[in-house]
Amino acid sequence: MLEIIKQYHQEIKDIHLQNIDELEHYRVKYLSKKGIISGLFEKFRAASAEEKRSIGKPLNELKKEAEEIHLHFKEIFDAQKNIDFKTFNDLSLPGEGFETGARHPISLVRKQIIDIFHGLGFVIAEGPEIEDDWHNFSALNFPEEHPARDMQDTFFIEKKNGKDDIALRTHTSSVQVRLMQNGKPPFRAIMPGRVYRNETISARAHCFFHQVEGMYVDKQVSFADLKQTLYFFVQEMFGADTKVRFRASYFPFTEPSAEMDISCTICKGKGCNLCKNSGWVEILGCGMIDPNVLKNCGIDSETYTGFAFGMGIERITNLKYQIKDLRLFSENDIRFLKQFNHEIV
Ligand code: PHE
C-alpha cells in the first residue's frame, strides 16, 4: 500500500490545472467521498496494526498535499471569475478619452526664443540662481552703495561685506560674467533662466520671472550687429510686419544702452489699451557691453567689443498670447494651462 500512496503523491505533485473544469475533475478524482484518497483511508482502517504504523503518516501527507493543491488552483480560478468580462464585451463602445499634459506657456515661448537665437549660432549658457554680489552686481559695473542697485529689488540671503553678499540673482547677466571669466572670446550665447526680485505680487509684477539674456563678444562687434540681431528676432517671433524702435536708456553694464519697443501686437500701431495708445510696447533692454565689464571679467577691452540684451519671457508670452495677469503663470490653474494644449513646437 505504501507503494500506491507514493505513486499518487508523484502523480499530483506537479499537476497543473488549466481551468475550473479540470479543478472539479481533480476534486472528484482525489478528494470526493468516493475519490482515491477516501478509498485509501478505507483500506487503512482495514489494515493490520503494523501496516497502519508504516502508512499512517504518508497517507495523511498525501491528503494534505492534495487539499493544498486544490486550494491553490481554486484561488486562482476564483480571482479570474471576479473579473467582470461583460464590460469588455461590447467592442463597439466609444473609448474613454484621457487627457494629455502640455507644455507650460513659459516653456513654449522660451523654446521659441532659444530656437530663433540658435539659428543665429548662439549657444545656451546656464548658471546658479543663488549668486554672490560680485557676479550679480559688482562685475557688471554696479558701483557699491550706488542707487543703481536699487533698480532691481534684491532678495538677500546673506549679508556679509558687500561683494560676498549672497542673493537670489536678479537677472541672468550674472551668467554672462561667469561665461567670460571662464572662457576666451568670441562668445555668442543666450542665458535663459529664472530670476527673483522683491516686488509685491500683482497682475503686473511677481517676485520671480524668467529671462533670456544674450551676448555677443568678438572683434569689431558693433551696435549695428545688435540692432540687426534683435530685428531678426522680432520678425521671427512676432511676424515680418512688426516694426522696432530703440530708445536711449541706462544700464550700468552697457554703454550706450537702449530699450527696444515693437509695434503693438494687438492694434498694429494704431493705439489700444495694451500699448496705452502709443502704438508701441517695450520688450527688452540692450546695449554695448561697458568696457569696464569686459575688464572685470578678464577680457581685453581694447581688442574686443560686445553687445548684450535681456528680455522677460513672461512679457514676450503676454504679448504673443495676450495674457493680462502675470499670476496665471504660477498658479497651475488647469483651465489656463489647457488652452496651450494645441501649441506644438
Ligand atoms: N539685465 C537687464 C535686466 O535684467 C537686462 C539687460 C541685459 C539690459 C543686457 C541690457 C543688456 O533688466
Side-chain angles (χ1 to χ4, degrees), residues 106 110 113-114 117 122 124-129 131 133-143 146-155 167-180 187-199 204-217 221-231 233-234 244-262 281-294 296-297 299 301 304-316 318 326:
I106 295 294
R110 182 183 54 202
I113 299 171
I114 289 173
F117 284 104
F122 283 75
I124 295 178
E126 284 180 325
E129 290 183 13
E131 262 302 3
D133 176 283
W134 197 79
H135 288 94
N136 197 77
F137 291 122
S138 299
L140 289 161
N141 210 28
F142 283 82
H146 190 279
R149 287 178 192 239
D150 298 337
M151 274 169 75
Q152 306 178 340
D153 303 279
T154 311
F155 282 118
L168 294 176
R169 68 179 177 196
T170 58
H171 51 186
T172 58
S173 304
S174 53
V175 185
Q176 303 185 21
V177 175
R178 288 180 177 274
L179 201 65
M180 287 193 276
F187 299 104
R188 190 159 39 174
I190 49 170
M191 302 87 195
R194 184 176 278 195
V195 300
Y196 301 83
R197 294 186 195 178
N198 192 356
E199 305 230 18
R204 300 174 62 86
H206 212 295
C207 58
F208 67 79
F209 62 99
H210 300 80
Q211 278 191 327
V212 176
E213 294 213 355
M215 74 164 181
Y216 179 29
V217 177
V221 175
S222 70
F223 203 91
D225 297 319
L226 167 64
K227 282 173 88 174
Q228 190 55 39
T229 304
L230 295 179
Y231 184 53
F233 163 71
V234 165
V244 300
R245 76 174 183 189
F246 289 82
R247 279 178 293 106
S249 184
Y250 170 76
F251 299 103
F253 34 89
T254 47
E255 184 60 39
S257 304
E259 275 166 323
M260 191 177 84
D261 300 341
I262 60 169
V281 282
E282 183 203 320
I283 65 160
L284 55 81
C286 59
M288 299 306 291
I289 301 174
D290 192 301
N292 279 339
V293 175
L294 295 174
N296 288 340
C297 299
I299 307 288
S301 62
Y304 292 100
T305 52
F307 68 70
F309 57 87
M311 67 186 97
I313 303 180
E314 277 80 349
R315 177 120 189 95
I316 306 288
N318 287 352
L326 267 182

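Numbering of ligands and ligand atoms starts at 1, following listing order. In this chain, numbering begins with 1 at the start of the sequence shown.
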Participant: Are any non-hydrogen side-chain atoms of P252 and F137 less than 4.5 angstrom apart?
Facilitator: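 P252 vs F137: side chains apart.
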
Participant: Using a 4.0 Å cutoff against the non-hydrogen atoms of F253, which atoms of ligand 1 qualify?
Facilitator: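 It comes down to these atoms of ligand 1: 1 (N), 2 (C), 6 (C), 7 (C), 8 (C), 9 (C), 10 (C), 11 (C).
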
Participant: What's the shortest distance from atom 2 (C) of ligand 1 to any protein heavy atom, and which residue and atom give it?
Facilitator: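 Protein heavy atom at minimum distance: E213 OE2, 3.5 Å.
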
Participant: In ligand 1, which numbered atoms sit nearer than 4.0 Å to a non-hydrogen atom of A308?
Facilitator: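 Heavy-atom distances to A308 below 4.0 Å select 9 (C), 11 (C).
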
Participant: State if F307 counts as touching ligand 1 under the rule of any non-hydrogen atom under 4.0 Å.
Facilitator: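 Contact absent.
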
Participant: What do we get for C286 next to ligand 1 when only non-hydrogen atoms under 4.0 Å count, side chain, backbone, both or neither?
Facilitator: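 Looking at C286 and ligand 1, just backbone atoms fall under 4.0 Å.
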
Participant: Taking side chain as C-beta onward, heavy atoms only, is H171 less than 4.5 Å from N136?
Facilitator: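 When only atoms from C-beta onward are counted, N136 and H171 do touch, with a gap below 4.5 Å.
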
Participant: Classify the contact between M260 and ligand 1 as side chain, backbone, both or neither, using a heavy-atom distance cut-off of under 4.0 Å.
Facilitator: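 It is neither part, as no heavy atom is under 4.0 Å.
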
Participant: What part of Q211, side chain from CB on, backbone N/CA/C/O, both or neither, has a heavy atom under 4.0 Å from ligand 1?
Facilitator: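 Under 4.0 Å from ligand 1, Q211 contributes side-chain atoms alone.
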
Participant: Should the proximity of F309 to ligand 1, defined as any heavy atom under 4.0 Å, be assigned to the side chain, the backbone, both, or neither?
Facilitator: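 Backbone only.
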
Participant: Nearest 0.5 Å, please: how far is CH2 in W134 from CG in L140?
Facilitator: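 Going from the CG atom of L140 to the CH2 atom of W134 covers 8.5 Å.
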
Participant: Would you give the length of the straight line joining atom CE of M311 to atom CD of E213, rounded to the nearest 0.5 angstrom?
Facilitator: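 Rounded to the nearest 0.5 Å, the CE-CD separation comes out at 9.0 Å.
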
Participant: In terms of atom number and element, which parts of ligand 1 are under 4.0 angstrom from non-hydrogen atoms of T254?
Facilitator: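 Selected atoms, number and element: 11 (C).
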
Participant: Numbering the atoms of ligand 1 from 1, which are under 4.0 Å from a heavy atom of R197?
Facilitator: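 Listed by number with element: 3 (C), 4 (O), 12 (O).
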
Participant: Hey, which atoms in ligand 1 end up nearer than 4.0 Å to a heavy atom of S173?
Facilitator: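 Here the atoms of ligand 1 in question are 1 (N).
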
Participant: Taking the six-membered ring where the residue is Trp, are the ring centres of F122 and F233 under 6.0 Å apart?
Facilitator: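 When the ring centroids of F122 and F233 are compared, they turn out to be at least 6.0 Å apart.
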
Participant: Would you tell me whether H210 and E314 have side-chain atoms, one donor and one acceptor, within less than 3.5 Å of each other?
Facilitator: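 Per modelled atom types, H210 and E314 side chains form a pair under 3.5 Å.
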
Participant: Are R204 and E199 close enough for a salt bridge, meaning some N to O gap below 4.0 Å?
Facilitator: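 Judged by the 4.0 Å cut-off on N to carboxylate O distance, R204 and E199 do not form a salt bridge.
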
Participant: Side chains of P128 and R178, heavy atoms from C-beta outward: is any pair under 4.5 Å?
Facilitator: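 Heavy-atom side-chain distance check passes, below 4.5 Å.
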
